[in-house]
2 protein chains.
Amino acid sequence: MEEEGATTVSSRVLAQRVGTTAAQVRKDLSLFGTFGTRGLGYEVRSLRERLREILGLAQEWPIALIGAGRIGSALFEYPNLRRRGFEIVTILDRDPRKIGRSWDGVRIRSIDEVGEVIERLRIKVALVAVPASEAQGVVDRLVGCGIRGILNLAPARLRVPDGVTVNEVDLALELEVISYALGARGTVPGEIRQDVTSDP
Amino acid sequence: MEEEGATTVSSRVLAQRVGTTAAQVRKDLSLFGTFGTRGLGYEVRSLRERLREILGLAQEWPIALIGAGRIGSALFEYPNLRRRGFEIVTILDRDPRKIGRSWDGVRIRSIDEVGEVIERLRIKVALVAVPASEAQGVVDRLVGCGIRGILNLAPARLRVPDGVTVNEVDLALELEVISYALGARGTVPGEIRQDVTSDP
DNA sequence: ATTTGTGAACATGTTCACAGCT
DNA sequence: AGCTGTGAACATGTTCACAAAT
C-alpha cells in the first residue's frame, strides 16, 4: 500500500486486503499497543514499521540451509526468501560429492562444520531440507550448536528442547486437508475463507 | 503403529504420538462417530481405515502440477506425495522450451491444454508453482476448467469462487513466524507445543 | 462525519471428571 | 481395572456496539 501511494488506511480496508473483519484487525493490533488515530485510521508507513519491529523483521536474518538436494536447491533459488529479509548464507550437506561446490557463490560445506559456521555467521535459524530419516539427527546437532528456530520441510515430527521453535511444512498434509475439504460434506468449517465480512 | 504390530491403541498413546491430550483425541474422534471400545481403546487397523475414509484418502488423487520451474521440479521429485496417495499425472507450463519434454515419463504440456487434460484424467486438485505474478491468472483458468482444490505455493493471495478450496503455503511467512517467536518475548502463545499433557 | 480502541456479549475450542461399558 | 464417550466447566477467540478522539 505504501508503494501504491496510500498514506493512511482504515481497519476496514486492511481487513478486506487480508480476508478478515475490521473489528478483528483492531482487536489484534490493540494487543500490541495503540497504532491508529480515531477518525482517521492508521498511518501506513508507521504501522508498517511498528509491525516489522513486533515481528522481528527490522533485521535481516541469516539462514543456514541444511540439505543440498532438490528441495534445498529450490529453496535456495526461491527469490522470495531474500526479498522478505531471509538470506541463506551457508549450505550444509553430508554428501562428499556436493561438499565444496558452490551455488551462486555460497559454498556447500560439510555438516560437520555446522558449529563453526553457525557461530561465525551468527545464524539463529535453519531451514531443514533433508530426508525424513535424517531430520531428527540433524536437528539435534543444530540445537546443540545454538540454533533457536527451525523451519522443517521433512515430513518428520521433531522433538526439540524448550526454547527452540519448530515450524513444520508438510505438503502432503496440505493436500490431505484439500482432500478432506473436497469430501461430500459441502463447505467445511475451518476452511480458508475468502469472503470478507465487515462492520455493519 | 500398524507396522509396529500394535493391534490396539489408547487415546493417551495416540495423544503422545501426535502432541496433544487424550481428552482432545477422544473429543475430536467423537465428532465423527464412535470408534473405540471402552476399557480397551481403539483397534488400530479399523481406526486407520475409518480415518482414511473421513479424510477422503481411501482413493488415489491424480494431481496436476502447474509450473515446471525449480519448485515444480522439486515437488515432482518429492517421493512423499506419491507415498501419501497423491500422484502428479500431468505437468503444465507455458514456456515453449519446456513443453514437450518429459520428467520421468510425464510429459510437460502447454497450459493451453489444461481443459482437455483435466477432463481426460479426471483431475480435481492442482499444485500451483508459478511466479506470484501469474498465479491468479492460472488459478482462474484452473477453476474455469473444473478444478476444485488448489495447493498454492506462490506468495499470492488468490481469489476463487465459493466451492473451491485453496490452501496456501508461504515459506517466507513461516520464517516470519519463527522470527516473531524468537523475539525477546519468551515463549509465545500459539507456538507449536512439543510437550504432552495428558489426563491425570 | 469518521474511525479507533475496547468492554461486554457471544461463539468456539479445550479440559475435566465421571457414568457406562468391556 | 481400564478406557471410552460426553455433558459440564472452563478458557480462548471473535464480533458487537459505542464512548472517545479527531
Side-chain angles (χ1 to χ4, degrees), chain A residues 1-2 6-51 53-55 177 180-181 185-200, chain B residues 1-2 6-51 53-55 177 180-181 185-200:
Chain A
M1 298 186 78
E2 214 174 344
T7 148
T8 229
V9 63
S10 68
S11 56
R12 190 172 47 78
V13 171
L14 280 171
Q16 258 163 19
R17 293 258 183 160
V18 128
T20 181
T21 63
Q24 187 73 72
V25 167
R26 295 201 299 277
K27 185 68 96 180
D28 283 0
L29 291 177
S30 79
L31 294 172
F32 292 99
T34 144
F35 299 86
T37 316
R38 290 168 187 223
L40 194 75
Y42 302 89
E43 216 246 305
V44 174
R45 169 174 285 278
S46 83
L47 179 60
R48 174 174 180 278
E49 215 35 59
R50 303 230 9 219
L51 290 177
E53 272 157 33
I54 289 165
L55 295 171
V177 171
Y180 173 69
R185 273 169 303 283
T187 303
V188 169
E191 190 176 324
I192 290 171
R193 253 162 295 189
Q194 304 271 140
D195 282 339
V196 174
T197 325
S198 54
D199 280 359
Chain B
M1 298 186 77
E2 214 175 343
T7 148
T8 228
V9 62
S10 68
S11 56
R12 190 172 48 77
V13 171
L14 280 172
Q16 256 162 19
R17 293 255 182 165
V18 126
T20 182
T21 64
Q24 187 73 71
V25 167
R26 295 200 300 277
K27 186 68 99 180
D28 283 1
L29 290 178
S30 78
L31 294 172
F32 292 99
T34 145
F35 299 86
T37 316
R38 294 173 186 218
L40 195 74
Y42 303 90
E43 215 245 304
V44 173
R45 170 174 284 278
S46 85
L47 179 61
R48 174 174 180 278
E49 215 37 58
R50 305 232 6 221
L51 289 178
E53 271 157 34
I54 289 166
L55 295 171
V177 171
Y180 173 69
R185 274 169 302 284
T187 304
V188 168
E191 189 177 326
I192 290 169
R193 252 161 296 187
Q194 304 271 139
D195 281 341
V196 174
T197 324
S198 54
D199 279 358

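The sequence lines fix the lettering, A, B, ..., with proteins before strands; numbering per chain opens at 1. All values below come from the heavy atoms of this structure, side chains included, with hydrogens, waters and symmetry mates left out.
Of the listed nucleotides (C/dT6, D/dT4, C/dT3), C/dT6 has the atom at the smallest distance from the side chain of A/Ser30. Here C/dG5 is the nucleotide among C/dT15, D/dT15, C/dG5 with the atom lying nearest to any side-chain atom of A/Arg26. For B/Ala23, whose side chain is taken as the heavy atoms from C-beta onward, the closest listed nucleotide among D/dT4, C/dC16, D/dG5 is C/dC16. Looking at the side chain of B/Ser11, the nearest of the listed nucleotides D/dT4, D/dG5, C/dT4 is D/dT4. In this structure, the nucleotide among D/dT15, C/dT22, D/dG7 sitting nearest to the side chain of B/Lys27 is D/dG7. Comparing C/dT22, D/dC3, C/dT6 by their closest approach to the side chain of B/Thr37 singles out C/dT22.
What separates CZ of B/Phe32 from P of D/dT6 is a distance of 14 Å, to the nearest Å. The distance between atom CG of A/Leu47 and atom P of C/dT4, rounded to the nearest whole Å, is 11 Å. Taking atom OH of B/Tyr42 as the reference point, atom C1' of D/dG5 lies 8 Å away to the nearest angstrom. We find that CG of A/Leu31 is positioned 16 Å from P of C/dT4, with the value rounded to whole Å. If you measure from atom CD of A/Glu43 to atom C1' of D/dA21, you get 17 Å, rounded to the nearest angstrom. A straight line from CZ of B/Arg12 to P of D/dA1 spans 17 Å, rounded to a whole angstrom.
An OP1 or OP2 oxygen of C/dT3 is reached within less than 4.0 angstrom by no side-chain nitrogen or oxygen of A/Ser10. A/Gln24 has no side-chain polar atom (N or O) that falls below the 4.0 Å cut-off from OP1 or OP2 of D/dG13.
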Do A/Leu51 and A/Leu29 pass the side-chain contact (heavy atoms from CB on, under 4.5 Å) test, and can you show the C-alpha distance, the side-chain angles, and the key distance before you say yes or no? CA-CA 9 Å; A/Leu51 290 177; A/Leu29 291 177; 4.0 Å; yes
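Applying the side-chain contact (heavy atoms from CB on, under 4.5 Å) criterion to A/Arg48, with sequence neighbours excluded, gives A/Glu2, A/Arg52.
Each of B/Val9 and A/Arg38 has a nearest nucleotide on DNA chain D; the 5'-most of these lies closest to B/Val9. Along DNA chain C, the nucleotide closest to A/Leu40 and the one closest to A/Asp28 are compared, and the more 5′ of them pairs with A/Leu40.
The CG atom of B/Leu40 sits 8.0 Å away from the OG1 atom of B/Thr7 when rounded to the nearest 0.5 Å.
Remark: of the listed residues A/Thr37, A/Val13, A/Val9, A/Val9 is the sole one forming a side-chain contact (heavy atoms from CB on, under 4.5 Å) with A/Tyr42. Exactly one residue among A/Arg26, A/Lys27, A/Gln16 makes a side-chain hydrogen bond (donor to acceptor under 3.5 Å, both in side chains) with A/Ser11. That residue is A/Arg26.
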